[in-house]
Amino acid sequence: NSLNLTGYFLENLGDFDLFDCLKQLIELDTNNIWIIDTNKRINEFIIHMCEALEYLKDQTICHLDIKPENIVYNNRQILIPFGKRFKLVDFGFADKYPFTRYANKVCGSINYVPYYTSKKDTYSWIINNKTNDWLFNPILRKYIHYIYRYNASPELIYKTDIYSMGVVFNQLIYYLNYYM
């Protein structure tokens, strides 16, 4: 009894991604979207992205690959609030509750997944922490997610998206503070 996710192709979803916005900061582009009223814009962006995560959770979906390249900005929607111009895209790794596809397979981008950030030296914008999401099973000779080892609720997988989005927020604030 598996559940299928349906994908849609949307034209003109965005003009560039959040990573391009961060590159503009490095190049100190005068057209950079973060320059005007920076604190207000950061707050609007963070609130909207948290609402996006809440919506996904309400739909029992976990994105599993949140990173700046998967957040697009639509520069043509200037009449809507700044934060709502951003959209979360690329649901290639997404899974639906009870997350059976994710149980014993690490997925996502290296600098944004708890398992990976605790296993290697990272960039200065990543908070290097020791996460406990994955445990090594010597019998199977592979890592398994702790929810299966301890019979915990699969809903704890949602914290992966929260963690990844937190890394994105940290990266954004790091670049804004460093380059502005």
Side-chain angles (χ1 to χ4, degrees), residues 5-26 29 31-97 99 102 106-117 122-129 131 133 155-180:
L5 296 175
T6 303
Y8 298 94
F9 175 76
L10 300 173
E11 289 189 54
N12 301 322
L13 190 60
D15 298 310
F16 47 88
D17 62 38
L18 184 60
F19 187 76
D20 289 332
C21 297
L22 297 176
K23 283 190 345 189
Q24 286 178 357
L25 277 175
I26 294 169
D29 187 340
N31 296 322
N32 191 284
I33 63 173
W34 301 103
I35 290 176
I36 301 169
D37 205 0
T38 304
N39 289 334
K40 182 179 180 212
R41 289 195 171 195
I42 291 171
N43 288 340
E44 287 180 23
F45 170 77
I46 288 174
I47 288 168
H48 181 60
M49 287 295 106
C50 288
E51 288 170 348
L53 289 181
E54 183 178 33
Y55 176 79
L56 289 179
K57 186 174 186 297
D58 290 346
Q59 304 305 310
T60 68
I61 295 172
C62 202
H63 188 281
L64 301 173
D65 193 25
I66 295 174
K67 59 185 176 182
E69 294 89 343
N70 289 340
I71 299 171
V72 295
Y73 176 78
N74 191 329
N75 203 29
R76 289 169 266 157
Q77 295 182 330
I78 57 174
L79 298 178
I80 64 172
F82 176 76
K84 295 191 185 281
R85 297 179 205 165
F86 291 91
K87 305 292 180 213
L88 187 59
V89 298
D90 190 359
F91 285 76
F93 283 125
D95 203 1
K96 195 157 177 67
Y97 186 88
F99 312 116
Y102 182 63
V106 180
C107 63
S109 296
I110 288 181
N111 293 316
Y112 302 91
V113 175
Y115 169 78
Y116 290 126
T117 58
T122 56
Y123 295 103
S124 55
W125 46 264
I126 294 180
I127 299 169
N128 195 356
N129 57 18
T131 60
D133 287 29
E155 288 191 0
L156 292 174
I157 295 272
Y158 291 121
K159 79 176 196 158
T160 300
D161 277 357
I162 295 167
Y163 176 89
S164 300
M165 190 63 79
V167 173
V168 169
F169 295 161
N170 191 62
Q171 183 180 13
L172 171 64
I173 292 169
Y174 173 85
Y175 280 116
L176 286 168
N177 286 332
Y178 190 81
Y179 291 103
M180 293 180 71

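Residues: numbered from 1 along the sequence shown.
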Asks: Roughly how far apart are Lys84 NZ and Leu79 CG, rounded to 0.5 Å?
Replies: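 Separation between the atoms: 15.0 Å.
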Asks: Looking at Asp65 and Ala94, would you say the former's side chain and the latter's main chain have a donor-acceptor pair under 3.5 Å?
Replies: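 The answer is no, because no donor-acceptor pair under 3.5 Å joins these two groups.
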Asks: Measuring centre to centre across the rings, with the benzene-like ring taken for any Trp, is Phe93 within less than 6.0 Å of Phe91?
Replies: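 Ring-ring flag for Phe93/Phe91: false, centres at least 6.0 Å apart.
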Asks: Distance from Cys21 atom SG to Phe86 atom CZ, nearest 0.5 Å?
Replies: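 Cys21 SG to Phe86 CZ: 5.0 Å, rounded to 0.5 Å.
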Asks: Heavy-atom count around Phe19 CZ within 6.0 Å, excluding the residue itself: above 12?
Replies: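 Atom CZ in Phe19 is not packed in, count stays at 12 or less.
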Asks: Answer whether the closest heavy-atom distance between the side chains of Asn32 and Tyr179 falls below 4.5 Å.
Replies: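 In short, these two side chains do not touch, never coming nearer than 4.5 Å.
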Asks: If you count heavy atoms of other groups shown closer than 6.0 angstrom to OH of Tyr178, is the number above 12?
Replies: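 Atom OH in Tyr178 is not crowded, with 12 or fewer foreign heavy atoms closer than 6.0 Å.
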Asks: Could you check whether any side-chain heavy atom of Glu44 comes within less than 4.5 Å of a side-chain heavy atom of Ile47, counting everything from C-beta outward?
Replies: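 Answer no - side chains too far apart.
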Asks: When you measure from the side chain of Thr160 to the backbone of Leu64, do you find a donor-acceptor pair of N or O atoms at a distance under 3.5 Å?
Replies: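 Here the side-chain-to-backbone pair does not exist.
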Asks: Quick one: does Arg85's side chain have a donor or acceptor within less than 3.5 Å of a partner on Ile80's backbone?
Replies: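 Yes.
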Asks: Looking at side-chain heavy atoms only, is the closest gap between Asn74 and Lys87 below 4.5 Å?
Replies: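 They are not in side-chain contact.
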Asks: Check Asp90 against His63 and note the closest heavy-atom contact, atom names and distance.
Replies: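 For Asp90 versus His63, the nearest heavy atoms are O-NE2, 3.0 Å.
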Asks: Within the structure provided, determine whether Asp17 and Asn70 are in side-chain contact (heavy-atom separation under 4.5 Å).
Replies: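 They are not in side-chain contact.
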Asks: Distance from Leu172 atom CG to Ile46 atom CD1, nearest 0.5 Å?
Replies: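 Leu172 CG to Ile46 CD1: 7.0 Å, rounded to 0.5 Å.
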Asks: Should Lys67 and Gln171 count as side-chain neighbours, where that means a heavy-atom distance under 4.5 Å?
Replies: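 They are not in contact (no side-chain heavy atoms under 4.5 Å apart), so the answer is no.
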Asks: Out of curiosity, Asp15 CG to Tyr73 OH, how far, rounded to the nearest 0.5 Å?
Replies: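 Here the interatomic distance stands at 8.5 Å.
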Asks: Within the 4.5 Å heavy-atom criterion, are Ile71 and Met165 side-chain neighbours or not?
Replies: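 The answer is yes; the side chains approach within 4.5 Å.
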Asks: Which label fits Phe82 and Trp34: parallel for a plane angle under 30°, tilted from 30 to 60°, or perpendicular past 60°?
Replies: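 Geometry flag for Trp34 against Phe82: perpendicular rings.
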Asks: Once rounded to the nearest 0.5 Å, what's the spacing between atom CG of Leu88 and atom CD of Glu51?
Replies: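 So the gap between those two atoms works out to 13.0 Å.
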Asks: Would you call the rings of Tyr97 and Phe99 parallel, tilted or perpendicular if under 30° counts as parallel and over 60° as perpendicular?
Replies: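 Because their plane-to-plane angle is over 60°, the rings of Tyr97 and Phe99 count as perpendicular.
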Asks: Rounded at 0.5 Å granularity, tell me how far CG in Leu56 sits from CG in Asp161.
Replies: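 Nearest 0.5 Å value for the CG-CG distance: 6.5 Å.
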Asks: Ile66 pairs by side-chain contact (heavy atoms from CB on, under 4.5 Å) with which of Val167, Ile162, Leu53?
Replies: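 Filter result, single survivor: Leu53.
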